[in-house]
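Presented below is the structure to which this report refers.
Convention: sequence-line order gives letters A, B, ...; per-chain numbering from 1.
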Number of protein chains: 2
Amino acid sequence: MNPSRHHGGRQCGTSYDVAREAGVSQSTVSRVFRPGTSVAPATRARVMAAAARVGYRPNAIAASLITRRSNLVAVVISNLTNLHYPEVLAELTRRLSAEGLRVLLFTLSTESEIDAVLDQIWRYRVDGAIVAARLSAKQQAAFVHEGVPLVLYNRPGHDGIASSVCCEAASGEQLLIDGLLCAGRRRFGLIAGPADSAVGEARIAAARARLEAAGLLPVAEERGDFSHASGLAATRAIIAAHRLDAIVAANDVMALGALDVLRHEAGLAVPADVAVVGFDGVAPAAWPAYRLTTVRQPVEAMTDAAVRLLLTRIAEPGRPAEQLLFAGALVPGATAPLG
Amino acid sequence: MNPSRHHGGRQCGTSYDVAREAGVSQSTVSRVFRPGTSVAPATRARVMAAAARVGYRPNAIAASLITRRSNLVAVVISNLTNLHYPEVLAELTRRLSAEGLRVLLFTLSTESEIDAVLDQIWRYRVDGAIVAARLSAKQQAAFVHEGVPLVLYNRPGHDGIASSVCCEAASGEQLLIDGLLCAGRRRFGLIAGPADSAVGEARIAAARARLEAAGLLPVAEERGDFSHASGLAATRAIIAAHRLDAIVAANDVMALGALDVLRHEAGLAVPADVAVVGFDGVAPAAWPAYRLTTVRQPVEAMTDAAVRLLLTRIAEPGRPAEQLLFAGALVPGATAPLG
DNA sequence: CTGTTAGCGCTTTCAA
DNA sequence: TTGAAAGCGCTAACAG
């Protein structure tokens with residue numbers, strides 16, 4: 001009833017323009033561009049031709065308004081600089097678009113930005129969210145309150161409110177630590193992640209637990225922030241004060257930093273003098289210069305699960321949250337002999 | 001006039017619900033939640049209180065429909081696995097959100113997906129797009145036709161249709177090649193990127209040009225796909241057939257692959273036997289295990305420019321496209337003595 | 001400063 | 001199979 005007035009300049013046509021051009025009603029045009037609707041072949045052809053002439057593109061925004069499905073999924077990632085997350089993001093994006101969902105990306109420079117991000121998430125009426133960032137219990141509860149299905153990635157879900165996909169730390173660290181012990185290592189240095197990282201703490205706790213099970217205590221402990229620079233700093237601090245024969249880092253990037261300090265600053269041989277292990281399985285860890293012994297997160301399986309979990313919760317909002325745990329795979333490298 | 005019927009479950013309230021609750025008109029509610037509008041302090045307070053009670057969130061989708069501004073920017077990146085692009089993406093996202101714009105992310109597994117991506121871009125009525133992927137002249141023209149401002153990232157704009165920001169290859173390669181020549185290197189091996197990568201070709205062409213200016217031809221040339229594995233393969237192929245004293249790679253990641261083969265497979269000393277240089281300035285290139293001599297792209301300046309270019313074209317759609325060129329900065333490493 | 005009135009472009013009953 | 005009519009939740013003149 002109201003053909004577009006082209007008031008902005010070269011606007012693209014609306015379904016009314018197409019309808020007029022094709023001599024059908026606007027709702028017929030709408031049907032032609034919607035899957036699973038039945039339109040007479042002849043009508044469909046006329047409409048398609050008219051649409052091409054007018055340069056018509058269905059307006060997803062307008063459709064979202066009425067269907068209450070934006071086909072948008074918010075993906076929140078705290079540190080894209082982590083080298084592991086670009087891979088996760090690429091996989092998530094690939095799988096989501098295969099499901100017809102678009103990615104609204106949010107990255108955090110500082111954790112304090114999270115509330116502003118959540119506000120935007122509510123405003124855009126996303127169909128769901130996959131979050132790889134710290135979320136307080138209150139923030140997780142907000143998703144329930146707003147009716148937005150939430151899947152946490154490598155973060156524990158606060159008592160069943162949110163679904164989550166995690167790479168379990170215990171079995172991986174057990175493989176690493178037990179192997180090192182078996183190979184005769186006794187003096188361990190630990191490089192933890194930031195205190196507010198649940199996965200980081202879980203990994204270090206698991207490592208410590210295995211040591212204690214063997215009647216050992218770590219010789220030294222330092223904290224980093226998952227960055228290479230912090231791996232360098234932590235290792236310098238540790239070897240300045242202690243003599244040890246194994247370093248266990250909470251992630252690969254810090255482990256690579258440790259390797260760099262040991263070999264290029266301290267003149268120590270790896271693994272002859274000191275063994276080093278990490279966690280994640282990032283690409284550079286496998287490069288010949290490092291060949292780090294580590295545990296690789298099953299990114300394919302985890303991202304697949306994250307998307308699948310999200311889809312089912314979008315389809316059935318009432319469904320209870322699920323916590324999925326994946327085991328990492330040992331990647332035997334050259335930086336640690338494992339008994 | 002039409003309070004929400006809560007038909008889905010826990011829907012969040014609409015501006016009508018708030019209006020009724022606060023005893024004002026719906027448009028007053030709208031004003032309260034829009035910057036730059038004047039509302040009596042008392043009214044504003046009443047509305048805010050009512051909004052909190054109702055759990056009201058402005059609906060960005062509905063606002064977009066009428067303002068014809070979605071505040072969405074499409075960001076298209078072809079290979080997030082490139083190690084340089086996560087950094088670019090993080091910076092772009094940070095700057096865009098600082099400008100009140102949201103990122104709709106598209107990644108390409110294969111270049112053939114691009115048309116499907118463009119279709120989605122049109123449907124979501126994005127305010128603009130920043131693209132780091134190959135776009136044909138026709139595809140670039142489509143942006144003009146659809147009225148979507150386009151900024152190409154590290155891709156040349158097809159005769160003034162699209163704006164672009166690029167890291168210029170010539171001056172960087174000149175620093176590298178002239179330095180190597182000055183240090184007495186004469187037998188060069190080149191590792192190019194994929195043939196359809198404009199930046200890759202520009203870098204290798206620039207390197208070749210400097211060699212020719214010195215009366216030299218490359219001893220060997222191989223093509224990779226910017227990945228570490230392809231750097232390994234190219235280097236193996238080159239050194240199997242030729243004796244050389246310098247390798248010039250089209251990007252850092254392949255250069256790191258070259259280093260790995262030279263040192264860990266061929267038993268050659270770098271830079272004593274063979275010098276290696278790259279391009280980009282990715283993080284691992286600076287790590288002690290590599291200390292690659294390279295040219296760093298000014299990511300901050302480039303992403304800043306990309307966003308600024310996009311903003312001005314959004315503000316003034318008639319404005320002609322601009323091509324911005326940035327010079328890279330030499331990062332003297334330990335893999336190549338530069339005369 | 002506030003309310004009234006029209007839509008933005010589409011989907012969705014409901015009839016025909 | 002198609003069309004008419006009624007909104008989705010909001011912004012944007014225009015009065016008052």
Side-chain angles (χ1 to χ4, degrees), chain A residues 1-8 11-47 50-51 54-71 122-125 127, chain B residues 1-8 11-47 50-51 54-71 122-125 127:
Chain A
M1 210 115 298
N2 202 322
S4 77
R5 265 84 47 93
H6 296 266
H7 47 137
Q11 271 322 123
C12 84
T14 75
S15 56
Y16 279 99
D17 298 317
V18 178
R20 191 169 15 69
E21 184 78 14
V24 297
S25 77
Q26 180 271 335
S27 45
T28 296
V29 177
S30 174
R31 281 186 194 100
V32 168
F33 283 89
R34 216 144 15 100
T37 50
S38 62
V39 184
T43 312
R44 155 165 277 121
R46 273 223 316 294
V47 169
V54 179
Y56 172 70
R57 312 284 176 190
N59 185 327
I61 299 281
S64 305
L65 186 55
I66 191 160
T67 59
R68 293 148 179 293
R69 289 278 268 102
S70 61
N71 288 316
W122 312 146
R123 288 168 119 97
Y124 276 88
R125 301 296 195 266
D127 292 345
Chain B
M1 208 122 295
N2 203 322
S4 77
R5 267 83 48 93
H6 296 266
H7 46 138
Q11 272 321 122
C12 84
T14 76
S15 55
Y16 279 100
D17 298 316
V18 179
R20 189 167 19 68
E21 184 78 13
V24 297
S25 77
Q26 180 272 335
S27 48
T28 295
V29 176
S30 174
R31 282 188 193 98
V32 168
F33 284 89
R34 212 142 18 101
T37 48
S38 61
V39 184
T43 312
R44 155 165 276 121
R46 272 223 316 293
V47 169
V54 180
Y56 172 70
R57 311 285 176 190
N59 185 327
I61 298 281
S64 305
L65 187 56
I66 191 161
T67 58
R68 292 150 179 293
R69 290 278 270 103
S70 61
N71 288 315
W122 311 146
R123 287 167 120 96
Y124 276 87
R125 302 295 195 268
D127 292 344

Contact class for B:Phe33 vs. all strands (heavy atom < 4.0 Å): base, sugar-phosphate, or nothing? nothing
Under the side-chain hydrogen bond (donor to acceptor under 3.5 Å, both in side chains) test, residues paired with A:Arg57 that sit two or more places apart: B:Glu146
B:Val29 and side-chain contact (heavy atoms from CB on, under 4.5 Å): which single residue from B:Thr14, B:Val18, B:Asp17 fits? B:Val18
Please confirm whether the shortest side-chain N or O distance from B:Thr28 to OP1 or OP2 of C:dG3 is below 4.0 Å. yes
A:Arg123: which residues meet the side-chain hydrogen bond (donor to acceptor under 3.5 Å, both in side chains) condition with it, sequence neighbours left out? A:Asp119
Protein-nucleotides 12-15 of chain C N/O pairs under 3.5 Å:
from, atom 1, to, atom 2, distance (Å)
C:dT12, OP2, A:Arg34, NH1, 3.2

Identify the two heavy atoms, one from A:Ala22 and one from A:Arg46, that lie closest to each other, and give their separation to 0.1 Å. O-NE, 3.1 Å
Give me the one residue out of A:Val24, A:Thr37, A:Val39 that meets side-chain contact (heavy atoms from CB on, under 4.5 Å) with A:Val32. A:Val39
Rounded to whole angstrom units, what separation is found between the OH atom of A:Tyr124 and the P atom of D:dG9? 17 Å
Measuring to OP1 and OP2 of D:dG9, would you say a side-chain N or O of A:Arg125 lies under 4.0 angstrom away? no
Please confirm whether the shortest side-chain N or O distance from A:Thr14 to OP1 or OP2 of C:dG9 is below 4.0 Å. no
Could you state the interatomic distance from OG (A:Ser64) to OH (B:Tyr124), rounded to the nearest 0.5 Å? 5.0 Å
Would you say the side-chain atoms of B:Ser70 pair up with the backbone N or O of B:Arg125, donor to acceptor, closer than 3.5 Å? yes
For A:Asn71 and C:dC10, give me the distance from atom CG to atom C1', rounded to whole Å. 14 Å
Applying a 4.0 Å non-hydrogen cut-off, can you work out what B:Arg123 is touching in the nucleic acid: base, sugar-phosphate, or nothing? nothing
Distance, rounded to the nearest Å, where A:Tyr16 contributes OH and C:dC10 contributes C1': 8 Å
Starting from P on D:dT11, measure out to CD1 on B:Ile61 and report it in whole angstrom. 13 Å
Does the side chain to side chain contact (heavy atoms under 4.5 Å, CB included) test come out yes or no for B:Val47 and B:Tyr56, once each step is laid out? CA-CA 10 Å; B:Val47 169; B:Tyr56 172 70; over 6 Å; no
Per the salt bridge (Lys or Arg N to Asp or Glu O under 4.0 Å) rule, what does the pair list look like for residues 21-34 of chain A, sequence neighbours excluded? A:Glu21-A:Arg53
Between CG of A:Asp127 and OG1 of A:Thr67, what distance do you get to the nearest 0.5 Å? 8.0 Å
Quick one: A:Leu65 CG to C:dG7 C1', roughly how many Å, whole number? 12 Å
What is the distance, to the nearest angstrom, from the CG atom on B:Asn59 to the P atom on C:dC8? 18 Å
Can you tell me how far OG1 of B:Thr28 sits from CZ of B:Arg44, rounded to the nearest 0.5 angstrom? 11.0 Å
Angle between the two end axes of the helix from C:dC1-D:dG16 to C:dA16-D:dT1, five base pairs per end, rounded to 10 degrees? 30°
Strictly below 4.0 Å, heavy-atom distances to any atom of DNA chain D: list the hits from residues 36-44 of chain B, or just say none. none
Give the rounded distance in Å between these two atoms: CZ of B:Arg57 and C1' of D:dC8. 20 Å
Using whole Å, report how far OH of B:Tyr56 lies from C1' of D:dC8. 13 Å
